[in-house]
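Inspection log for the structure reproduced underneath, given as structure tokens.
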Amino acid sequence: MATMESLIGLVNRIQRACTVLGDYGGEGMSLWEALPSVAVVGGQSSGKSSVLESVVGRDFLPRGSGIVTRRPLVLQLHKIDGGSDYAEFLHAPRKKFTDFASVRKEIADETDRITGKSKQISNVPIHLSIYSPNVVNLTLIDLPGLTKVAVEGQPESIVEDIENMVRSYVEKPNSIILAISPANQDIATSDAIKLAREVDPSGERTFGVLTKLDLMDKGTNALDVIEGRSYRLQHPWVGIVNRSQADINKNVDMIAARRKEREYFETSPEYGHLSSKMGAEYLAKLLSKHLETVIRQRIPSIIALINKTIDELNAELDRIGRPIAVDSGAQLYTILELCRAFDRVFKEHLDGGRPGGDRIYGVFDHQLPAALKKLPFDRHLSMKNVQKVVSEADGYQPHLIAPEQGYRRLIDGSISYFKGPAEATVDAVHFVLKELVRKSIALTEELKRFPTLQSDIAAAANEALERFRDESRRTVQRLVDMESSYLTVEFFRKLHLEPEKNTNTNPNQPGPNADRYNDNHFRRIGSNVSAYIGMVCDTLRNSIPKAVVYCQVREAKRCLLNNFYAQVGRREKERLGAMLDEDPQLMERRTTIAKRLELYKSARDEIDSVAWK
């Protein structure tokens, strides 16, 4: 089995690492909270500070009247093999304190930094580690003294505020409560015992400490309490004799004070039979031994919490992305993989796996037909305009049989109207494709951590879409121009034969060419042109979507980022790295998660290796 020193020392190191990473408190239970520690609770002037200094063997805590401890002090004791005592603060990690008067001043200054030079309190803890060959491995939390009345300069809520703060520490199931009460006061009025009873009614987590035994009235003693007759706890009471104010004023060191305390109990007629189980040294060993027992009992639940947290941290790293390698080959590979991930999402939009591609069909099925119906053919082929165009086409020589030049002008003018809807279709599909690019970038999870690469992909994709749109415009314009460049002759031949079939044999009825210059003649020309334009319209209604899909949609699916790939392949390492520049907050978050993950894995391995030796 592991030694008590090694197991508690390991827990101390893990708690220290958790503290450095800020992995304590918050929602749920952190590893820091899962590991047992000792919360020191007592009323003002109960002798809390003296007990802590006796356990440490150093005079290092601020003293004074009223509320001296105004912030929780998380005190971690680390036993070392030889060497001089020294202390370190979390807020000053690179500074080693060997003068413990400076430690006292630093605690006071750090308290004032948060609370100001007032009598306010703060729940922001101060973290202090003390390394010494004369301590046992232990984590103690010194909490503000419980009080019953607010004094001048304190808010009325100070009594409740302090109790709530102390309660938040002692109500945790892994907290061991060190309830300190002065022996020269009635134990029934002890603030510490009252609170401990509320949060730990069974007394499993509570250790009782009686201070100031030497200050009791003559003829009285605290045996009824210490021997458990006045108030029984599951763990034995421990009596403490603090340094007197005279000793403090004379700077009597803690080693001498411990010796004096031992002599007091050994020579005391009341407590002599309990001397081996009294005093600060015994208290420290008792707490350390109990702490080792609790840790050993909690190892399965601690390991379970560690494994659960490791899984959660790995899942979070997978979600936000793992760190990127620094060599250019790996960076290029990463960029190409991210581009392919975007490309997959984009194609899913077009092919129907995701919403959005159906809007392109909507352009073809609704927008284009609606635009074609709105073309001003009625005005262009009105009898008045037909007469005007035909007459202008004839010039000084009227047509003899059919006004072919007039037909061509009317047809060319009508066909030119198709360019508007054709180009509008191209632009509408271009807008849809641009919107799908934007949406695809936003929905590509792998890209979310790289805002610069997102912008580069968006710019490259939109540049490619512009090229596809230009080619599509040229193609649909060619389709319209082709309808003008060669007219379907068979259509007009059929029109020429139809009057012959319907020729009236009545000799009094005018012949087919008799109305050449009247209204019916021009009306018939307009009707013929309208029928031909209707045929052209049907053709373009089918061919324009084909051209748009071929030039824009097909190309976007096939080679949207081809130019970008070629450019990226020629870029230097520095530019590749810049493309993978991440959101600083995300990078900081990943670094924190990685450090926590390393901490938890290390803690699991160390606990496994130490606990069962």
Could you walk me through whether Lys347 and Asp343 satisfy the salt bridge (Lys or Arg N to Asp or Glu O under 4.0 Å) test, starting with their C-alpha distance in whole Å, then the side-chain angles of each, then the deciding distance to 0.1 Å, before giving a yes or no? CA-CA 6 Å; Lys347 288 175 180 175; Asp343 205 39; 3.3 Å; yes
From CA spacing to verdict: salt bridge (Lys or Arg N to Asp or Glu O under 4.0 Å), Glu435, Arg438: CA-CA 5 Å; Glu435 183 63 18; Arg438 184 195 64 78; 2.5 Å; yes
Would Thr475 and Arg478 count as a side-chain contact (heavy atoms from CB on, under 4.5 Å) here? Give the steps. CA-CA 5 Å; Thr475 301; Arg478 287 193 196 102; 3.8 Å; yes
Ile533/Tyr417 under side-chain contact (heavy atoms from CB on, under 4.5 Å): CA gap, chis, key distance, verdict: CA-CA 10 Å; Ile533 292 302; Tyr417 286 121; over 6 Å; no
Please step through side-chain contact (heavy atoms from CB on, under 4.5 Å) for the pair Glu423 and Gln477, ending with a clear verdict. CA-CA 8 Å; Glu423 292 182 357; Gln477 286 173 358; 2.4 Å; yes
Decide side-chain contact (heavy atoms from CB on, under 4.5 Å) for Glu312 and Lys308; before the verdict, give the C-alpha distance in whole Å, the side-chain angles of both, and the deciding distance to 0.1 Å. CA-CA 6 Å; Glu312 291 172 350; Lys308 177 176 176 286; 2.7 Å; yes
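Residue Asp311 places its CG atom among more than 12 non-hydrogen atoms of other residues, nucleotides or ligands, all under 6.0 Å distant. Environment of CD in Glu466: crowded, with over 12 heavy atoms of neighbouring residues, nucleotides or ligands closer than 6.0 Å. Annotation: Glu588, atom CD; neighbour count of heavy atoms from other residues, nucleotides and ligands within 6.0 Å does not exceed 12.
Gln76 and His78 get closest at one heavy-atom pair: O-CD2, 3.4 Å. Of all the heavy atoms in Arg71 and Thr111, the pair that sits closest is CD-CA, 3.8 Å. For the pair Val476 and Ile544, the tightest heavy-atom approach, listed with the atom from each and the gap, is CG1-CG2, 4.2 Å. The heavy-atom pair separating Arg541 from Pro369 by the smallest distance is NE-CB, 4.4 Å. Across Val124 and Pro72, no two heavy atoms sit closer than the pair O-CD, 3.9 Å. Closest non-hydrogen pair, Leu597 versus Asn314, comes out as CD2-OD1, 3.3 Å.
At least one donor-acceptor pair closer than 3.5 Å links the side chain of Asn164 to the backbone N or O of Glu160. In this structure a side-chain-to-backbone donor-acceptor pair under 3.5 Å is present from Ser416 to Gly413. Between the side chain of Asp365 and the backbone N or O of Tyr361 there is no donor-acceptor pair closer than 3.5 Å. With His430 contributing its side chain and Arg469 its backbone, the two residues share no donor-acceptor pair below 3.5 Å. For the pair Asp605 (side chain) and Ala603 (backbone), a donor-acceptor distance under 3.5 Å is absent. Between the side chain of Ser530 and the main chain of Ser527, no donor-acceptor pair closer than 3.5 Å is present.
You'll find the side chain of Leu453 reaches within 4.5 Å of the side chain of Leu580, heavy atoms only. The shortest distance between side-chain heavy atoms of Arg344 and Thr444 does not fall below 4.5 Å. With contacts defined as side-chain heavy-atom distances shorter than 4.5 Å, the pair Leu368/Pro545 qualifies. At least one side-chain heavy atom of Val568 sits under 4.5 Å from a side-chain heavy atom of Met579. Here the side chains of Ser484 and Ile411 are not in contact, with every heavy-atom distance at 4.5 Å or above. At a threshold of 4.5 Å between non-hydrogen side-chain atoms, the residues Arg590 and Arg449 count as touching. Inter-residue side-chain proximity for Ile126 and Val74 is flagged as unmet; no heavy-atom pair is nearer than 4.5 Å. Proximity of Asp456 to Ile335: side-chain heavy atoms (C-beta onward) are nowhere separated by under 4.5 Å.
Taking the six-membered ring where tryptophan is involved, the planes of Phe89 and His91 are tilted, since the angle between them lies from 30° to 60°.
Remark: Glu445 CD to Asp318 CG distance equals 12.5 Å, nearest 0.5 Å. For the atom pair Leu436 CG and Ile441 CD1, the distance stands at 11.5 Å (nearest 0.5 Å). Atoms CZ and OG, on Arg575 and Ser328 in that order, are 14.0 Å from each other to the nearest 0.5 Å. Rounding to the nearest 0.5 Å places OG1 of Thr425 at 7.5 Å from CZ of Phe364. Interatomic distance, Thr334 OG1 to Phe450 CZ, rounded to the nearest 0.5 Å: 7.0 Å. Distance CG/Leu372 to CD/Gln367: 11.0 Å, rounded to 0.5 Å.
Under 4.0 Å is where a charged nitrogen must lie from a carboxylate oxygen, and between Glu598 and Lys601 no such pair does. A salt bridge links Glu471 and Arg474; the closest N-O separation between the charged side-chain nitrogens and carboxylate oxygens is under 4.0 Å.
Using modelled atom types, one finds a donor on one side chain and an acceptor on the other under 3.5 Å when comparing Glu606 with Ser602. Under 3.5 Å, the side chains of Ser472 and Gln552 contain a donor-acceptor pair of N or O atoms.
In this structure, Lys546 is not positioned above the aromatic face of Tyr550 in the sense of NZ or CZ being under 6.0 Å from the six-membered ring centre and within 45° of the axis.
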